Every structure is written in C-alpha cells, then in structure tokens.
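Lettering of chains follows the sequences in order, A, B, ..., and the numbering in each one begins at 1. Just so you know, these numbers come straight off a predicted model, no measurement behind them.
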Protein chains: 2
Amino acid sequence: MGRRRPDTPTLEEVAARAGVGRGTVSRVVNNAAGVRESTRQAVQQAIAELGYVPNLAARTLAGRRADAVALVVTEPDWRLFAEPFFSEIVSSLGDALADTGMQLLLTMVRSDTERKRFLEYARGGRVDGALLVSVRADDTLPDMLAEARLPTVMLGRRSGDEHVSYVDADNAGGARSAVTHLLATGRKAIATITGPLDMYVAQSRLRGYRQGLAAAGLSTDASWIAEGDFTEESGRHAMARLLARHPEIDAVLAASDTTAAGALRELRATGRRVPEDVAIIGFDDFPLAEQTEPRLTTVRQPLAEIGRAMVRLLLEELEEPALAWRHVILRTELIRRDSA
Amino acid sequence: MGRRRPDTPTLEEVAARAGVGRGTVSRVVNNAAGVRESTRQAVQQAIAELGYVPNLAARTLAGRRADAVALVVTEPDWRLFAEPFFSEIVSSLGDALADTGMQLLLTMVRSDTERKRFLEYARGGRVDGALLVSVRADDTLPDMLAEARLPTVMLGRRSGDEHVSYVDADNAGGARSAVTHLLATGRKAIATITGPLDMYVAQSRLRGYRQGLAAAGLSTDASWIAEGDFTEESGRHAMARLLARHPEIDAVLAASDTTAAGALRELRATGRRVPEDVAIIGFDDFPLAEQTEPRLTTVRQPLAEIGRAMVRLLLEELEEPALAWRHVILRTELIRRDSA
DNA sequence: ATGAAAGCGCTAACAA
DNA sequence: TTGTTAGCGCTTTCAT
C-alpha cells in the first residue's frame with residue numbers, strides 16, 4: 001500500500017541553504033517577531049528557491065493546532081443535503097472561518113462506519129474542533145466529541161436541556177411573534193403545521209404558536225395542529241387535513257418555508273385566495289434562495305449570523321479550556337413581503 | 001492562541017501498562033500479523049482501560065499515509081452545490097471510499113484565499129489525494145496539485161487534451177445515440193440546446209449532436225443550435241429562440257435534464273404537445289432525484305459508476321508512482337421512459 | 001537576534 | 001514473537 005511523499009524539502013534544508021538555524025526558519029515561516037529583516041529575506045529566498053512547504057503533520061505533532069475544523073453533517077439521507085438551507089449554512093461558515101487561517105472540512109456521517117471513522121479522525125487530533133448540523137435528538141455524537149474534549153458547537157439543540165454548546169434561532173419567539181402579527185391584522189382562526197415533533201426545533205415553534213394564542217387569551221385546540229416533516233408534500237397533506245377539520249381557517253403558521261409552499265399550493269388547489277382568504281407564515285431558512293411561490297410574511301432566521309456565531313463560539317472554546325457550555329439564541333425577524 | 005490536546009494516553013503508556021514494548025502495541029493497533037493471541041488480548045485491554053486513541057499526526061509523520069482524501073468543489077457560486085447532481089456524486093464517492101478506511105473531506109474552493117489555503121493543506125501532506133468536481137476550463141488547480149505529485153482525479157475534463165487523470169461520461173456518444181434514436185423514430189427537424197460552450201462537456205454533447213445528424217447524411221445549421229447554461233431558465237429562453245426560428249421543430253436534444261425541463265415548459269406554454277409534437281431528450285445527471293416533469297427519453301449518465309471509477313483511479317495512483325495519467329470514459333445509456 | 005537541542009507520538013527496520 | 005532503536009519534520013525553550 002504505502003506511498004511516501006517524494007523529495008519534499010524540509011525546514012532543515014532551507015536552514016542549511018539560507019545559512020541559518022532551523023529555529024530561525026521556523027520563525028520566518030510562522031512570521032514570528034524577532035528576526036532581523038535581512039535574515040528574513042535570506043530565509044524567504046531559500047524557501048522560494050527550494051519550493052519549501054511545511055509538513056503539516058510535523059507541525060501538528062510538535063504541539064500546535066491542526067488548523068482545521070470539521071463541519072459534520074449527520075444526515076443519513078444525504079439527498080436532503082441538496083437543500084438551499086445547507087449550502088447557505090456551509091457557505092456562511094466558510095465565510096466566517098475565512099480569516100482564521102483554518103481549513104473547513106466537510107464530512108458526512110451517514111452510517112455507523114462513517115460515524116466511527118470520523119470519531120477516530122477527530123480524536124486523532126486532525127481537527128481542532130467540530131461544527132455539527134442536522135443533529136437528531138437521539139444522536140450521541142456531540143457527547144462523544146465533547147467527552148474527547150474536542151471543542152464542539154451544534155446548530156440547534158437536541159432538547160430543552162442541551163448541554164453541548166450550540167447556536168440556535170429563537171424559534172419559539174419567532175412563532176409567537178408571527179401569531180401575534182396575525183392576530184393584530186385581524187385573523188381569528190389560526191392553524192399551524194408543525195415539523196416532526198420529535199425534533200426540538202419543531203416543538204419550539206409549536207410552543208411559540210401556543211404562546212402567541214395564549215397571550216391573546218385564546219385557547220389551543222389540538223384540532224388546529226397538523227404535524228408535517230418540513231417537506232412540501234407534508235405541507236399539502238397537513239393543510240388538507242386542517243381544511244377538512246376547519247373550513248373557516250383564515251391563517252396558517254407553517255413550520256418552514258417549504259412547508260408553507262405546500263400549504264399554499266393546497267389552498268390554491270381548493271380555490272382559496274392567498275393571502276386574502278388565508279394568511280400564511282413560514283420560517284425562512286434560506287433567505288437568498290429563489291422562491292417559486294410569491295413571498296408572504298416570513299419569520300426570517302439569520303443564517304449568516306448563525307454561521308458567524310457558531311464559529312465565534314468554536315474559537316472561544318479553542319482559546320480557553322472548555323469550562324462551560326456556551327449557548328447563543330439568535331433573534332428572528334418578521335419580514336412582511338406582502339400584506340397578510 | 002494555541003491549545004493542546006489534554007492528557008491523551010500515548011502508545012508508550014499503553015505498552016507500559018500491558019507490560020510489552022511499543023512495537024507490539026503498534027502491531028496490535030494496526031492489527032498486523034505476528035502477535036501472540038494472549039499478548040494481543042493484554043494490549044487491547046490496556047488500550048481499552050486507558051482509552052487510548054492513536055495520534056494521527058504522529059502516524060502520518062512516521063511515514064504512512066494521511067488516510068484521507070479531499071473532495072474539492074471549485075465552484076465560486078456555492079449555491080450551485082445545492083443540486084442533486086452534487087449530492088449524488090458526493091454520496092457515491094463516499095460509498096466507494098467506505099471500505100478503504102479513508103476519510104472523505106469535502107472542501108470548497110470559492111475564492112483565491114480558499115484555493116491557497118487548500119493548496120497548503122494538500123501539499124502539507126494532510127490528504128493522500130484529491131478528487132475534483134466542477135472544474136472550470138481555465139482552472140489550474142489540477143495542474144498545481146499534479147505538480148505537487150499529489151494523486152488527483154477529476155470528474156470531467158477541461159479540454160480535449162486533458163492530461164491530469166479524469167473520469168468522464170461519453171458525452172459525444174450519448175448525444176449521438178440520442179439523435180440517432182430520434183431519427184429512427186421518424187423525427188426530422190431536430191434542434192439542440194447546449195450548455196455553456198466554454199465548458200468541454202457542452203462542446204462534446206454538441207459534437208455528438210452533429211455527428212448523429214452527419215451519420216444520417218444530414219447537414220448541420222447553426223440556426224438549430226441555441227446555447228444555454230444548464231439552468232432551467234436558459235432552457236426556456238433557448239427553446240423560445242429555436243421555435244421562433246423553426247416552428248417546424250419536432251425534436252430537441254437538451255444539454256441536461258434541467259435544461260430539458262425548461263424547454264419542455266416553454267413548449268407547453270406555446271401549446272405544443274410533448275412528446276407527441278416534439279420529442280425531448282436531456283442528459284440525466286441525477287437519476288435518483290424526483291422529476292417535476294413526466295419522464296421522457298433520457299441519456300443516462302451512471303453517476304454511481306463515475307464515483308466508483310474516480311476512487312478506483314485514485315487508489316491506483318496511490319499504489320504506484322504516477323507514471324502516467326489515467327482516463328476513463330464511461331458509456332452512457334439511452335433510457336426510454338416514454339414513447340418519444 | 002539566533003543557534004542548539006529536546007521532544008511531539010508514532011512506524012518500521014533490526015535485533016534478540 | 002517481541003523489544004529496542006532510529007528517525008519522520010517541526011516547534012519551542014534555553015543558551016548564547
């Protein structure tokens with residue numbers, strides 16, 4: 001099997017050529033202070049002449065960081081990765097990491113084999129930290145990474161008492177404000193289509209819906225709630241169920257933008273006018289993506305902000321020993337693109 | 001900045017605890033032959049008790065491989081990554097790599113900074129090889145990697161005389177067979193919508209279209225050719241242009257499935273019946289994805305096969321010094337899902 | 001400001 | 001079969 005990297009010049013050879021010691025070359029390479037300008041020049045020339053490239057394994061071994069962080073997508077159905085939501089997040093993490101000098105390594109964990117392989121990789125010290133997205137409620141990967149003392153930050157939490165560090169949007173607050181907005185504009189019969197209720201994010205949004213109604217002194221009836229799974233298909237079906245139960249519905253809070261699109265389609269198919277008859281609000285996961293449906297009022301989650309916050313948290317954990325978990329909840333924003 | 005991995009037990013400590021030499025522990029960890037069963041047991045127990053995890057940097061430095069390969073997406077507009085085509089390819093590469101024990105690291109190269117960072121990473125020896133997708137014709141990254149003697153395999157080629165190793169589909173052959181099929185079923189006025197003609201893949205498909213016509217003794221007129229960019233939007237516009245020039249069109253060869261969908265939509269919008277009036281054939285880049293449009297005859301590219309071939313090539317280059325470039329052209333398949 | 005030297009944790013070649 | 005040893009290429013004190 002094995003294969004060795006060919007004829008790569010080493011730091012020592014550079015030192016010899018430049019007529020200096022290894023330490024000096026090291027200082028120049030890492031542009032540390034305390035090197036006379038003329039010396040630096042000489043070393044840099046030697047580096048250029050030899051085409052020297054530092055060996056990262058040696059550097060890591062010698063005690064410094066791996067200068068890389070892993071973005072782990074624990075999604076068994078990798079096709080779901082082909083959603084604007086993901087590319088948006090990946091992109092924003094890349095931006096946020098851009099000037100830290102770290103490599104962003106995207107790794108997919110679809111199976112137990114891959115999970116094991118990644119754990120070895122991470123515990124083996126090849127990354128300085130891990131960013132996790134799409135973590136399921138029963139996934140223990142975050143705990144294992146945390147136990148290995150690897151700085152770890154999740155997008156979203158697995159439950160109400162999550163301990164591992166995470167960044168989340170204020171889902172309950174967003175849903176609450178959406179309902180409040182709907183009530184303020186005169187809507188009276190507000191239903192909701194949730195995400196899969198074994199996911200904390202879906203539970204939170206449902207809770208916000210309930211809070212919004214409760215704040216107006218309204219009671220919550222289970223018949224106004226239909227569970228979906230974030231897909232458009234499920235949005236249509238859920239909408240159909242709700243209409244069958246309550247033809248008088250005049251507003252719907254959907255679990256996501258995609259779900260909202262499904263609901264909207266179903267409404268139109270049944271002859272309702274949107275948003276005149278029925279107002280729809282969904283969570284906008286991918287603000288930059290084009291919409292096939294006309295924009296309605298939306299609870300916007302600041303994805304770019306989320307990416308930035310995740311990186312910030314990770315860097316913090318990198319600096320100081322992780323004495324505590326850090327959590328950041330980002331405010332959502334109600335965007336009116338259309339009179340609802 | 002710096003941060004050290006805490007209290008990680010080393011191979012030496014394991015050896016001490018198991019009462020054996022370091023070499024023996026190394027053999028057990030890499031399950032090499034030549035270790036008495038009882039010894040192996042003892043070592044493994046010590047490993048378990050100490051929670052030992054091998055330091056990958058040290059392993060790499062000591063001469064073995066990095067046990068990781070990079071999948072590089074050189075796509076400035078990262079949103080394009082949110083296409084079934086990509087997730088399909090990534091997934092298939094992951095599968096193909098599954099039992100090699102290597103980590104697949106997805107890295108995005110959107111800017112010069114990222115390109116530079118990745119180059120350092122790769123030349124630094126942190127990956128054993130690189131797989132490149134969506135490489136533009138004028139991108140020199142493949143050459144730089146090759147010069148660094150890093151095994152490199154591309155999906156597709158940049159030009160007709162590509163030298164760096166690649167795996168490609170037989171685009172010309174596929175287009176040719178599509179045209180031949182159309183002619184055989186009685187179509188006479190066959191137009192084509194191409195991809196961006198500064199991409200070799202688009203050129204190849206156009207060439208195949210011409211060859212198919214030429215084989216039947218038909219001449220090719222530029223007015224039957226409209227350039228698109230693989231998107232649905234461009235498919236619609238191109239179709240509109242073609243219809244304006246040649247209302248008698250009875251068949252279209254589109255550059256991709258997405259383009260075909262656009263053309264189809266435009267045709268329907270203008271009242272044509274598809275596929276009765278007009279037959280459409282596109283290249284199917286993502287056979288598993290759901291289609292919004294009813295399936296028509298398609299030139300199918302075996303994406304899973306392409307992934308497997310890329311990994312195979314990479315492994316070959318890993319084994320032996322790369323004395324030569326290796327190229328694999330995979331046959332496409334004409335799939336009739338609907339009478340055209 | 002700079003050189004010398006001591007590891008970092010592992011693999012592999014060589015003894016025993 | 002197993003222990004010992006010599007590096008892999010770099011960072012980082014510690015002298016100078």
K.L.:
For dT11(C), does either OP1 or OP2 sit under 4.0 Å from a side-chain N or O belonging to Asn30(B)?
P.N.:
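The answer is yes; a side-chain N or O of Asn30(B) sits under 4.0 Å from OP1 or OP2.
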K.L.:
Answer yes or no: are there more than 12 heavy-atom neighbours, outside Glu49(A) itself, under 6.0 Å from its atom CD?
P.N.:
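It does: Glu49(A) CD has more than 12 such atoms within range.
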K.L.:
Round to the nearest Å and state the distance from Glu12(A) atom CD to dC10(D) atom P.
P.N.:
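Computing the Glu12(A):CD to dC10(D):P distance gives 9 Å.
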K.L.:
Atom CG of Leu56(A) and atom P of dC8(D): how far apart are they, to the nearest Å?
P.N.:
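Distance, rounded to whole Å: 18 Å.
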K.L.:
Could you check how far CZ of Arg65(A) sits from P of dC10(D), rounded to whole Å?
P.N.:
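Going from Arg65(A) (CZ) to dC10(D) (P), I get 17 Å.
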K.L.:
Rounded to whole angstroms, how far apart are CG on Asn55(A) and P on dC10(D)?
P.N.:
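It is 6 Å, rounded to the nearest whole Å.
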K.L.:
Are any of Arg59(B)'s side-chain N or O atoms less than 4.0 Å away from OP1 or OP2 of dG9(C)?
P.N.:
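For Arg59(B), the contact criterion (side-chain N or O under 4.0 Å from OP1 or OP2 of dG9(C)) is not met.
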K.L.:
Let me know the distance between CG of Asn31(B) and P of dT11(C), rounded to the nearest Å.
P.N.:
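In whole Å, dT11(C) P lies 12 Å from Asn31(B) CG.
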K.L.:
Hey, can you pull the residues of residues 14-24 of chain B with a non-hydrogen atom under 4.0 angstrom from DNA chain C?
P.N.:
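Hits under 4.0 Å, by residue number: Arg22(B), Gly23(B).
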K.L.:
Between Met102(B) and Arg117(A), which heavy-atom pair has the shortest distance, and what is it?
P.N.:
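Taking every non-hydrogen atom into account, O-NE, 3.0 Å.
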K.L.:
Tell me, do Leu318(B) and Pro151(B) make a side-chain contact under 4.5 Å, heavy atoms counted?
P.N.:
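Side-chain contact under 4.5 Å: yes.
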K.L.:
Where the side chain of Thr152(B) meets the backbone of Leu150(B), is there a donor-acceptor pair that is under 3.5 Å apart?
P.N.:
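Yes, the answer is positive, given that a donor and an acceptor are paired below the 3.5 Å cut-off.
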K.L.:
So which heavy atom on Tyr166(B) is nearest to which on Ile329(B), and how close?
P.N.:
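Heavy atoms only, the tightest pair is CE1-CD1, 3.8 Å.
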K.L.:
Counting heavy atoms from C-beta on, name the nucleotide in dT2(D), dT11(D), dT2(C) closest to the side chain of Val35(A).
P.N.:
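Nearest to the side-chain atoms of Val35(A), counting from C-beta on, is dT2(C).
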K.L.:
Please check if the side chain of Asp139(B) supplies one atom and the backbone of Leu141(B) the other of a donor-acceptor pair under 3.5 Å.
P.N.:
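Pair found, side chain donor or acceptor close to backbone of Leu141(B).
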K.L.:
Hey, mind stepping through Arg158(B) and Asp143(B) against salt bridge (charged side-chain N to carboxylate O under 4.0 Å, His left out) and telling me if it holds?
P.N.:
CA-CA 11 Å; Arg158(B) 291 168 295 175; Asp143(B) 306 302; 2.9 Å; yes
K.L.:
Using a heavy-atom distance cut-off of less than 4.0 Å, which residues of residues 39-51 of chain A contact DNA chain C?
P.N.:
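Result for residues 39-51 of chain A: Thr39(A), sorted by number.
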K.L.:
Quick one: Leu11(B) CG to dT5(D) P, roughly how many Å, whole number?
P.N.:
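After rounding, the reported distance stands at 16 Å.
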K.L.:
Go through dG9(D), dC10(C), dT2(C) for me and flag the one nearest to the Arg27(A) side chain.
P.N.:
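The answer is dT2(C), which lies nearest to the side chain.
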K.L.:
When the distance from CZ of Arg123(A) to C1' of dG9(C) is rounded to whole Å, what number comes out?
P.N.:
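It works out to 18 Å between those atoms.
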K.L.:
State whether a side-chain donor-acceptor pair under 3.5 Å links Gln45(A) with Gln41(A).
P.N.:
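Distance-only check fails for Gln45(A) and Gln41(A).
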K.L.:
Is there a side-chain polar atom (N or O) of Ser26(A) under 4.0 Å from OP1 or OP2 of dC10(D)?
P.N.:
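No, Ser26(A) has no side-chain N/O under 4.0 Å of OP1/OP2 on dC10(D).
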K.L.:
Of the options Leu106(A), Leu105(A), Leu132(A), which is the one that meets Val72(A) in a side chain to side chain contact (heavy atoms under 4.5 Å, CB included)?
P.N.:
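Running side chain to side chain contact (heavy atoms under 4.5 Å, CB included) over Leu106(A), Leu105(A), Leu132(A) with Val72(A) returns exactly one hit, Leu132(A).
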K.L.:
Without decimals, in angstroms, what is the distance between Asp67(B) CG and dC10(C) P?
P.N.:
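Distance, rounded to whole Å: 15 Å.
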